[in-house]
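A, B, ... follow the sequence lines: proteins, then strands. Residue 1 opens every chain.
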Number of protein chains: 2
Amino acid sequence: MNIAAVERDSGLPKDTLRVWERRYGFPAPLRDQHDERLYPPEQVATLRLLRRLVDVGYRPGKVVGLPDADLTRLLERVSGSAQQPLGAEAREVLALLGASDAIGLREALGAMVLRVGLGDFAANVGPGLAQAVGAAWSRGELEIHQEHLFTEQFTNVLRGSIHMAQWAGAPRSRPRVLFGTFPQEPHALGLLMAEAMFTLEGCLGISLGVQTPITEIAAAARAHQADILALSFSAMIPPSQATAGLDELRALAPATAEIWAGGACPGLRDKPGLKIVRGLSEIAPAVRAWRARAAEPA
Amino acid sequence: MNIAAVERDSGLPKDTLRVWERRYGFPAPLRDQHDERLYPPEQVATLRLLRRLVDVGYRPGKVVGLPDADLTRLLERVSGSAQQPLGAEAREVLALLGASDAIGLREALGAMVLRVGLGDFAANVGPGLAQAVGAAWSRGELEIHQEHLFTEQFTNVLRGSIHMAQWAGAPRSRPRVLFGTFPQEPHALGLLMAEAMFTLEGCLGISLGVQTPITEIAAAARAHQADILALSFSAMIPPSQATAGLDELRALAPATAEIWAGGACPGLRDKPGLKIVRGLSEIAPAVRAWRARAAEPA
DNA sequence: TCCGGCTGTTTGTCCTGGACAAATACGCCA
DNA sequence: TGGCGTATTTGTCCAGGACAAACAGCCGGA
């Protein structure tokens, strides 16, 4: 793999890959006949581990260069604290994915929504499933195509449920919420789960889908007279980019629109005009608080 | 805007921005107190125009450095030649997008499906709408966020219709069809329209979503015992990459699985084990032919 | 004991200018 | 007109230097 492929795969910018090599002696890629870096697959795998450790707060100088075994141990210590014993739902989903049973998977997910309700599903079960699938993938127990299958079926079930929720209950009302992700963020799952939570609260939601340029999110906020811009971040996105992008959006968006950011991206902080939503279950009370604020001055 | 922000916004890599400046004298960013590039907004807008011209085949050396008026004229010439008179549906959709009426748009698309039927919608109306929206965007009549809104609502309506179609009619049967796109191809619309056509023919469809690595598509073909691998290509993807990828997939996938490729990518050709589907309405007869072939040797 | 400010170190990102392979255009000949 | 070999264009890579922002560690005061 050449350096551009590794950048895509590991999420580490080319400059960082080169400077790590210079400073820490790792990665140590081979060279092709034209002296360009060629990364062996196992080094790319190690880089993925390092990326995750750095994301959770380890400093590169302390961990780059350590053998894989140590890195895995550190990661387990981190995720061990966050790791719950897998719920029955997660076990069922992993079993169906292992068997490549697409239809069974869709039916199982649909049944879960019906059993626990959309709110509980989107706020608790869904994130748990996504985390379990991601963890299984990073342990090598799932192939990429099985993760794709999960994403696809999960998306379908959630979209269908949101669609039904839009017609149920009271007619849609304010706040008008605009959903989107930044250009570097291709993951739609977090956005969809947030959309479900807002919809259940009776908000009027409009989604721009993933990977919308920041200037365009701001323009859409004006066009749709949005009250809230809801942005979703996965752990994949570098926190520095997320923060920089949020600052840029805050400068460009109308002052009447609040910006709410959430997701698995660590290191985000509240600022004037920017609200960090730490979990999906915070959305419902936050919407009620918004409505109280909106009613007050009137 | 610094160079990283411009890379995000224009889609042009940092290296390319610097080398254009060195070779063509444009962009000509200001410098901050630490000699780092600062791009004024109007240069970023010009870079977006250039990006689009390069994407449709112009060579950077010929267009970088030209004044904005010339670039706009060239862009108009490109989109003008492909322009057909707009149907009533397209005019309605463009009007709703212009008004940023998300709810009206969804209702209009839903009504279209009901009026002409899913098959006609997916095979004829849908591609026409997508083309009209793309053309309006390249003429500068639509903003990016309005195109995103269209994609999102179109996707929702189509997914909902496919979901209904799966429960209607005869129970799903072979061929088992696996849907996907190559890693460089992020567009899901073509794939969804194809999924609709196959579903209407009673096929058992399984989607991997977009941007699945080729090795993973092949692995999924085995896991799901797929009869047909359906790949979708937009005009964005370089034909050389598409051909190379299809050859690789043919080599990796099980011989029992046929590969069907379709979409707006020019220059694709039939080969042994590879079928090019030139239009969505070809899918129905092709599925019937597959079934006839499958029944014959038995 | 805890907290806020100060200082030294770490780290990511930017810089220049050079190089070359792949893609594309061009000229030539059949 | 169409196929083929050569010339040009173009994107991406390289090295090694620089510096600001983020961070850790220390210290003194409440």
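At whole-Å resolution of the value, CD in A:Glu7 and P in C:dG12 are 14 Å apart. Atoms CG (A:Leu17) and C1' (D:dC13) sit 13 Å apart, rounded to a whole Å. Rounded to an integer number of Å, the gap from A:Arg18 CZ to D:dT12 C1' is 9 Å. Atom-to-atom, CG of A:Leu50 to C1' of C:dG12 comes out at 16 Å; the value is rounded to the nearest Å. When the P atom of C:dC15 is taken as reference, atom CD of B:Gln33 falls 13 Å away, rounded to whole Å. Atoms CD1 (A:Ile3) and C1' (C:dT13) sit 14 Å apart, rounded to a whole Å. Distance, A:Asp35 CG to D:dG16 P: 11 Å, rounded to whole Å. Look at OH on A:Tyr24: it is 4 Å from P on C:dT11, rounded to the nearest Å.
Close to D:dT12, at under 4.0 Å from its OP1 or OP2, lies no side-chain N or O of A:Asn2. Distances shown here put a side-chain N or O of B:Lys14 below 4.0 Å from the OP1 or OP2 atom of C:dC14. At the phosphate of D:dA15, OP1 or OP2 sits under 4.0 Å from a side-chain N or O atom of A:Arg31. Between B:Thr16 and D:dT12 there is a side-chain polar atom (N or O) within less than 4.0 angstrom of OP1 or OP2. For A:Arg37 and D:dC14, the shortest distance from a side-chain N or O to OP1 or OP2 is below 4.0 Å.
Each of D:dG16, D:dA24, D:dT10 was ranked by its minimum atom distance to the side chain of A:Arg59; first place goes to D:dA24. The side chain of A:Arg22 has D:dG16 as its nearest neighbour among D:dT10, D:dG16, D:dT12. The side chain of B:Glu36 lies closest to C:dC14 when the candidates are C:dA19, D:dC19, C:dC14.
Judged by closest nucleotide on DNA chain D, B:Trp20 is the one of B:Trp20 and B:His34 placed further toward the 5' end. Both B:Asp15 and B:Ala4 lie near DNA chain C, and the one whose nearest nucleotide falls closer to the 5' end is B:Ala4. Mapped onto DNA chain D by nearest heavy atom, A:Glu21 and B:Pro13 fall at different nucleotides, with B:Pro13 at the one closer to the 5' end.
Looking at A:Glu258 and A:Arg293, a side-chain N of the basic residue comes within less than 4.0 Å of a carboxylate O on the acidic one, giving a salt bridge. A salt bridge does not link A:Glu21 to A:Lys14: none of the charged side-chain nitrogens sits closer than 4.0 Å to a carboxylate oxygen.
Rounded to the nearest 0.5 angstrom, B:Arg250 CZ and B:Leu274 CG are separated by 8.0 Å.
Remark: side-chain polar atoms of A:Glu152 are not paired, donor with acceptor, to backbone N or O of B:Leu208 under 3.5 angstrom. Looking at A:Thr46, its side chain never comes within 3.5 Å of a backbone N or O of A:Asp68 through a donor-acceptor pair.
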